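Below, all heavy atoms of this structure are taken into account, side chains as well, without hydrogens, waters or symmetry copies. Note that the structure is predicted; figures quoted are calculated from it, not measured.
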Number of protein chains: 2
Amino acid sequence: MVDLQPDSEVIRNLRAVGLRPTRQRMALARLLFGHGNRHVTAESLYESAQRGGIRVSLATVYNTLHQFTTAGLLRQVIVDSSRSYYDTNVDEHHHFYFEDTGEIADIPSDRINSIVPTDLPDNMELSRVDIVVRLRGTA
Amino acid sequence: MVDLQPDSEVIRNLRAVGLRPTRQRMALARLLFGHGNRHVTAESLYESAQRGGIRVSLATVYNTLHQFTTAGLLRQVIVDSSRSYYDTNVDEHHHFYFEDTGEIADIPSDRINSIVPTDLPDNMELSRVDIVVRLRGTA
DNA sequence: GTGTTTGCAAAGTGTTTGCAATTTA
DNA sequence: TAAATTGCAAACACTTTGCAAACAC
């Protein structure tokens, strides 16, 4: 698996959002943004890092996920009341959540025209559709 | 505030789902189902109980929420990745989630015809709409 | 009386934080 | 070298669990 992002680009992207390009942040940025969309938890990203031989603490993974989210590089996905998931796709879109495995997949936009999609992944049945309209007080 | 449910009815309803009508379960059932729809967390229900002079432990509140959910009397609402909310309305419907206060309100069904409701509560603005299509493996 | 349920306290899980050591600019 | 970042371990919030005492039937 080739990593197409040169250091300079990763550095530039981090600087662009006001974050110092430390070894840990660069490595995590590569894992997250180097190969298409990902859906991660702190734990899963930490494991990816370990497998990739990246020395980084779990605390730093948590901090980095928050910083990237605040910077708009990641978006939190709420599908489980006991774990936080993060999505590298920050565009407006929705998700399949596989209850059995805890995995998440983007719903292709052409399938979400009706709220309840009729075209589900193979061997999967609908558990339920959750729609949460999140509000905040006006300024 | 009058409690319209006679003991016999609460007992019958609990028995109907295979749960012994203990003092704690009856009292929690009254709190939950006695006065229209409620959206609770373990902590909020525990506080309601305390305010109402009901002696029940937090552990029992957790256990009871699970039992009621398994029995189909409650439904879990996933809006926060660190707390579990339960809704006494188990019919298909959706929610407003007030990020500032952590409160939940049902979305009146006539407002959810378009995915993004145009008619929001006063002084509230849209943070975002989360749609999660929850799937499980076929049998 | 027998099996179920409760309450407590301890343990568990995911997450955050204080702070000294390290790294970046 | 000044400020930001890291990693560790301790602290945290929420939730679950083991087990003896209390309760329901």
Side-chain angles (χ1 to χ4, degrees), chain A residues 7-8 10-31 39-50 53-71 73-74 76-86 102 104, chain B residues 7-8 10-31 39-50 53-71 73-74 76-86 102 104:
Chain A
D7 266 21
S8 60
V10 179
I11 290 174
R12 194 158 8 93
N13 291 335
L14 286 175
R15 285 241 167 79
V17 296
L19 294 172
R20 285 190 181 178
T22 63
R23 174 176 60 74
Q24 291 87 337
R25 289 209 271 241
M26 304 233 327
L28 294 176
R30 276 221 158 69
L31 284 179
H39 300 90
V40 304
T41 60
E43 200 65 47
S44 80
L45 181 58
Y46 180 64
E47 281 164 21
S48 288
Q50 303 233 290
I54 296 162
R55 289 179 304 99
V56 61
S57 69
L58 183 56
T60 295
V61 171
Y62 274 105
N63 290 335
T64 303
L65 287 172
H66 286 156
Q67 292 156 352
F68 285 9
T69 300
T70 301
L73 302 176
L74 292 176
Q76 207 186 343
V77 182
I78 302 200
V79 287
D80 184 309
S81 55
S82 74
R83 255 199 304 274
S84 290
Y85 285 78
Y86 296 87
I104 294 179
Chain B
D7 266 23
S8 59
V10 178
I11 290 174
R12 193 157 11 91
N13 291 335
L14 287 175
R15 283 241 170 79
V17 295
L19 294 172
R20 282 192 183 178
T22 64
R23 174 177 60 76
Q24 291 87 337
R25 289 209 271 242
M26 302 227 340
L28 294 175
R30 277 220 157 70
L31 283 178
H39 301 89
V40 304
T41 61
E43 202 64 48
S44 79
L45 181 58
Y46 180 62
E47 282 164 20
S48 289
Q50 304 233 292
I54 295 162
R55 290 179 304 101
V56 61
S57 70
L58 184 56
T60 296
V61 170
Y62 274 105
N63 289 335
T64 302
L65 286 171
H66 286 153
Q67 292 156 353
F68 284 9
T69 300
T70 301
L73 303 177
L74 291 175
Q76 209 187 341
V77 181
I78 302 202
V79 286
D80 183 310
S81 56
S82 74
R83 255 200 304 277
S84 291
Y85 285 77
Y86 296 86
I104 295 179

Which parts of nucleotides 8-19 of chain D does protein reach within less than 4.0 Å, heavy atoms only, written one letter per nucleotide 5' to 3' as B for base, S for sugar-phosphate only and - for none? B-----SBBB--
Look only at the side chain of [X] and the backbone of [Y], and say whether a donor-acceptor pair between them is shorter than 3.5 Å.
X: Arg15(B); Y: Pro21(B); answer: no
X: Arg23(B); Y: Arg55(B); answer: yes
X: Tyr85(B); Y: Asp80(B); answer: no
X: Thr64(A); Y: Thr60(A); answer: yes

Taking atom [atom2] of [N] as reference, at what distance in whole Å does atom [atom1] of [X] sit?
X: Ile54(A); N: dG7(D); atom1: CD1; atom2: C1'; value: 16 Å
X: Gln24(A); N: dT23(C); atom1: CD; atom2: C1'; value: 9 Å
X: Arg25(B); N: dA24(D); atom1: CZ; atom2: P; value: 11 Å
X: Leu14(A); N: dA4(D); atom1: CG; atom2: P; value: 17 Å
X: Leu65(B); N: dT6(C); atom1: CG; atom2: P; value: 12 Å
X: Met26(A); N: dT23(C); atom1: CE; atom2: P; value: 16 Å

For the residue pair [X] and [Y], what are the closest heavy atoms and their distance?
X: Leu58(B); Y: Glu43(B); answer: CD2-OE1, 4.0 Å
X: Gln76(A); Y: Ser84(A); answer: NE2-OG, 3.1 Å
X: Ala49(B); Y: Leu28(B); answer: CB-CD2, 4.3 Å
X: Val61(A); Y: Ala42(A); answer: CG1-O, 3.5 Å

Hey, mind stepping through Gln67(A) and Arg25(A) against side-chain contact (heavy atoms from CB on, under 4.5 Å) and telling me if it holds? CA-CA 10 Å; Gln67(A) 292 156 352; Arg25(A) 289 209 271 241; 2.9 Å; yes
At how many degrees, to 10°, do the end axes of the helix from dG1(C)-dC25(D) to dA25(C)-dT1(D) meet when each uses five pairs?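 Roughly 30°, once rounded to the nearest ten degrees.
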side-chain contact (heavy atoms from CB on, under 4.5 Å) between Ile78(A) and Val79(B), worked out: CA-CA 7 Å; Ile78(A) 302 200; Val79(B) 286; 5.7 Å; no
Identify, residue by residue, the members of residues 15-23 of chain A with a heavy atom below 4.0 Å from DNA chain C, and return them in order of residue number, or none.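 Heavy-atom cutoff 4.0 Å gives Arg15(A), Arg20(A), Pro21(A).
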Determine, step by step, whether Leu31(A) and Ile54(A) satisfy the side-chain contact (heavy atoms from CB on, under 4.5 Å) criterion, reporting the C-alpha distance in whole Å, the side-chain angles of both residues, the deciding distance to 0.1 Å, and the verdict. CA-CA 10 Å; Leu31(A) 284 179; Ile54(A) 296 162; 3.9 Å; yes
